[in-house]
There are 4 protein chains.
Amino acid sequence: MAIGEELHSGCFWREVLAEAVATLIFTGVVLGASAVPSPLVPALAGGLAAGTLSCALGAPQANPALTLALLCTHKLSALRGAAVLLAQCAGAVLAATAARLALLDDTGMVTRVSAAGTAGQALCWEIFATFQLVLTTFATANHETVPTGLALGSAVIAGTLAAGPFSGGSMNPARSLGPAIVTGIWDDHWVYWVGPVLGAVLAGLCYEFIFAPGASREKLCA
Amino acid sequence: MAIGEELHSGCFWREVLAEAVATLIFTGVVLGASAVPSPLVPALAGGLAAGTLSCALGAPQANPALTLALLCTHKLSALRGAAVLLAQCAGAVLAATAARLALLDDTGMVTRVSAAGTAGQALCWEIFATFQLVLTTFATANHETVPTGLALGSAVIAGTLAAGPFSGGSMNPARSLGPAIVTGIWDDHWVYWVGPVLGAVLAGLCYEFIFAPGASREKLCA
Amino acid sequence: MAIGEELHSGCFWREVLAEAVATLIFTGVVLGASAVPSPLVPALAGGLAAGTLSCALGAPQANPALTLALLCTHKLSALRGAAVLLAQCAGAVLAATAARLALLDDTGMVTRVSAAGTAGQALCWEIFATFQLVLTTFATANHETVPTGLALGSAVIAGTLAAGPFSGGSMNPARSLGPAIVTGIWDDHWVYWVGPVLGAVLAGLCYEFIFAPGASREKLCA
Amino acid sequence: MAIGEELHSGCFWREVLAEAVATLIFTGVVLGASAVPSPLVPALAGGLAAGTLSCALGAPQANPALTLALLCTHKLSALRGAAVLLAQCAGAVLAATAARLALLDDTGMVTRVSAAGTAGQALCWEIFATFQLVLTTFATANHETVPTGLALGSAVIAGTLAAGPFSGGSMNPARSLGPAIVTGIWDDHWVYWVGPVLGAVLAGLCYEFIFAPGASREKLCA
């Protein structure tokens with residue numbers, strides 16, 4: 001499909017809008033739940049929202065790291081990928097702006113590196129958590145029988161709980177970008193782009209070349 | 001079907017009774033679990049009860065905001081909508097009356113605006129939380145393969161956890177009406193009608209005109 | 001099938017054994033998790049165990065209240081019902097005996113009426129919680145598409161969280177009988193038989209005569 | 001298939017790699033979540049990761065106890081079993097090494113017998129918890145309709161919450177071996193091999209000879 005045609009298709013714009021709305025809802029739910037001083041509450045709220053959204057809005061990605069992994073494995077055209085990325089960031093910034101007005105206190109919004117650890121440790125945990133999340137996303141896209149929302153939501157909760165004490169468990173650059181723009185706190189912000197993107201791309205390549213049903217040595221060397 | 005015929009059909013009354021019983025059970029479970037001083041317990045109990053009821057009683061709405069959204073999108077006749085609304089409120093009031101007798105302390109029953117925030121902030125969170133809940137409900141009604149109860153229950157838990165610190169996370173006017181009538185505490189009660197209804201109607205229109213599989217520009221302008 | 005034949009069928013004894021093992025596992029998981037001073041831990045552990053067992057052991061009842069409700073609605077023969085009841089109680093007593101040896105402290109094993117409430121309040125909550133649990137069980141048995149274990153587990157968690165602060169949220173006479181026999185603490189033990197059985201029988205009749213797909217006025221009056 | 005052929009098949013090595021990756025992810029998630037001082041967080045994270053991995057990586061075992069139970073019931077060849085066991089231990093040791101570098105404090109990594117209890121009590125709880133986990137795994141492998149990941153994840157959470165206060169709720173020798181090697185703390189380490197393996201083998205035999213659909217007295221005596 002030519003770029004012009006793609007831009008004029010209603011399906012294209014609906015998908016981009018769905019990405020913006022999904023990222024807005026995901027970020028909004030996580031920021032609201034972060035007001036409670038318990039590691040479980042934001043993890044559960046974010047995971048369940050991610051699982052629900054994948055049922056409600058036709059499996060949106062809602063995560064720039066996942067979108068980049070799909071781009072790297074040629075599952076998404078460059079134009080669509082760029083539009084989706086912009087929509088995700090716009091949705092997250094909108095959610096963070098609204099949340100700042102509605103939140104009683106905005107110190108909990110920003111994902112931070114644990115005071116007791118280093119940025120390198122946080123980076124490792126973000127890579128690891130996003131790796132398992134994106135591996136799950138790629139696998140569920142290939143298996144019709146698996147309940148996608150359930151697997152995705154579980155992976156988000158597991159990753160957030162595992163990486164939470166070290167990096168806040170973002171796994172999603174958009175979710176970290178929104179609050180950073182709104183509050184102006186950019187400390188170690190690179191961690192939340194480099195970590196998730198590295199983990200996601202690695203997982204996408206691993207799945208495509210090793211674990212996917214049709215993967216083979218030929219494909220690996222192609 | 002004429003109004004007279006509808007009123008004489010056993011199916012009509014069974015559905016109305018199911019709405020009353022479902023709202024009674026949902027409200028009862030939430031009020032009982034609210035006796036525990038933890039934000040997670042009522043959220044989990046309410047979400048799991050909502051998910052279970054949607055399996056057990058043939059997908060009742062159990063929520064006046066959802067019923068009004070269905071009315072606005074012409075998915076429910078006016079007569080049926082009115083009967084269902086009355087049944088929901090009756091079920092919730094009955095649950096609250098029983099809960100007051102059985103509860104050791106009724107201060108936790110009423111949904112309140114957080115002391116540190118304003119009614120406007122609570123309103124925004126109720127709109128947001130109900131928006132994502134009703135979007136999910138509309139979407140699962142259209143997709144046969146998605147486990148409805150699971151998606152619905154997850155959305156209830158996510159919404160309650162997100163809006164909880166600000167407004168108590170009601171998303172359901174009947175659940176707020178019951179305790180208000182029984183305890184006589186009507187502070188900011190309008191928030192729990194205006195917020196959920198606005199969010200639900202907005203979500204219903206959004207889904208029908210944008211995200212539904214058959215949605216189109218023509219339908220949008222019709 | 002004659003009684004003699006039934007007693008000689010391998011299927012009969014396998015089912016009875018499955019009931020004993022399922023009640024043993026359910027009671028053991030709940031008693032172990034009760035060692036943690038948090039209302040969420042035993043509720044989650046019990047509900048997830050109930051959901052898992054219904055997948056693993058061919059949907060055992062594992063609950064005398066449910067068995068009595070099935071007897072009342074003629075879904076179980078008297079002989080099978082009696083054998084199943086005995087097996088459930090034996091499983092629960094065995095689990096409680098083992099748990100007493102393995103637990104560091106057995107004060108948390110027994111379900112008790114809240115010190116701040118009366119036995120009547122605890123009774124009401126047990127009736128209510130068991131009502132919604134058994135309604136779900138009857139409904140999932142009729143709908144092939146619903147994931148039984150998920151609905152059942154959710155109902156157990158929701159009921160335990162709702163009734164927990166008032167009666168301990170037993171909903172299962174066998175689970176209460178085991179620790180009572182082992183520890184000799186029989187305070188208000190009748191609540192945990194009368195409440196669940198009343199709630200379960202009421203739910204069974206309600207479902208059969210009102211909410212079941214084939215229910216009709218004729219059946220109601222038959 | 002001859003041993004030589006098996007070793008040259010890509011499928012064999014992909015499965016072994018999947019076991020290593022799955023055990024690495026499971027152990028990493030559990031160790032990360034163990035940094036939070038709450039019994040719920042590691043249990044939920046581990047269970048959800050186990051459920052997700054069973055969707056993502058084609059139902060890996062990721063547990064030496066389960067692999068030994070499959071060997072005992074002749075569901076796995078000796079060569080494959082040995083390779084899988086090695087892969088699991090390697091994955092867990094890798095995860096523990098990485099976790100030690102990335103963790104702020106490694107005292108929570110090792111599964112320990114509760115200070116208030118004895119090793120015998122911890123052993124009983126490990127046997128019991130692994131028994132119900134492996135029973136579920138065998139049953140879901142036989143029933144196509146059950147969502148495997150959901151049942152497996154629920155069983156892991158229920159078992160961890162039940163055995164947690166007594167033994168840490170490992171149910172997985174590899175998950176206990178990794179931190180023991182890395183930290184050099186071997187106190188009561190035998191409990192985490194003997195308990196899970198005994199429980200798993202017992203559950204495998206019970207399922208095959210009693211509860212499996214095709215089980216019969218003849219098979220029992222064969």
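In the text below, chain A, chain B and the rest are named by the order of the sequence lines, each starting its count at 1.
- Ring geometry, A:His189 versus A:Tyr192: the interplanar angle falls from 30° to 60°, so the pair is classed tilted.
- At a 4.5 Å heavy-atom cutoff, the contact between B:Leu150 and chain A is made by side-chain atoms alone.
- Neither the backbone nor the side chain of B:Ala163 comes within less than 4.5 Å of any heavy atom in chain A.
- For a residue to count as touching a neighbouring chain, one of its non-hydrogen atoms must lie under 4.5 Å from one of that chain's; by this rule A:Val21 touches chain B with the side chain only.
- Of the two parts of A:Leu40, only the side chain, counted from C-beta on, holds a non-hydrogen atom closer than 4.5 Å to a non-hydrogen atom of chain B.
- B:Thr27 contributes atom OG1, which lies 9.5 Å from atom CG of B:Leu177 (distance to the nearest 0.5 angstrom).
- Side-chain atoms of B:Ser167 and B:Glu126 include a donor-acceptor pair closer than 3.5 Å.
- Using cut-offs of 30° and 60° for the angle between ring planes, the A:Phe138 and A:Tyr207 rings count as tilted.
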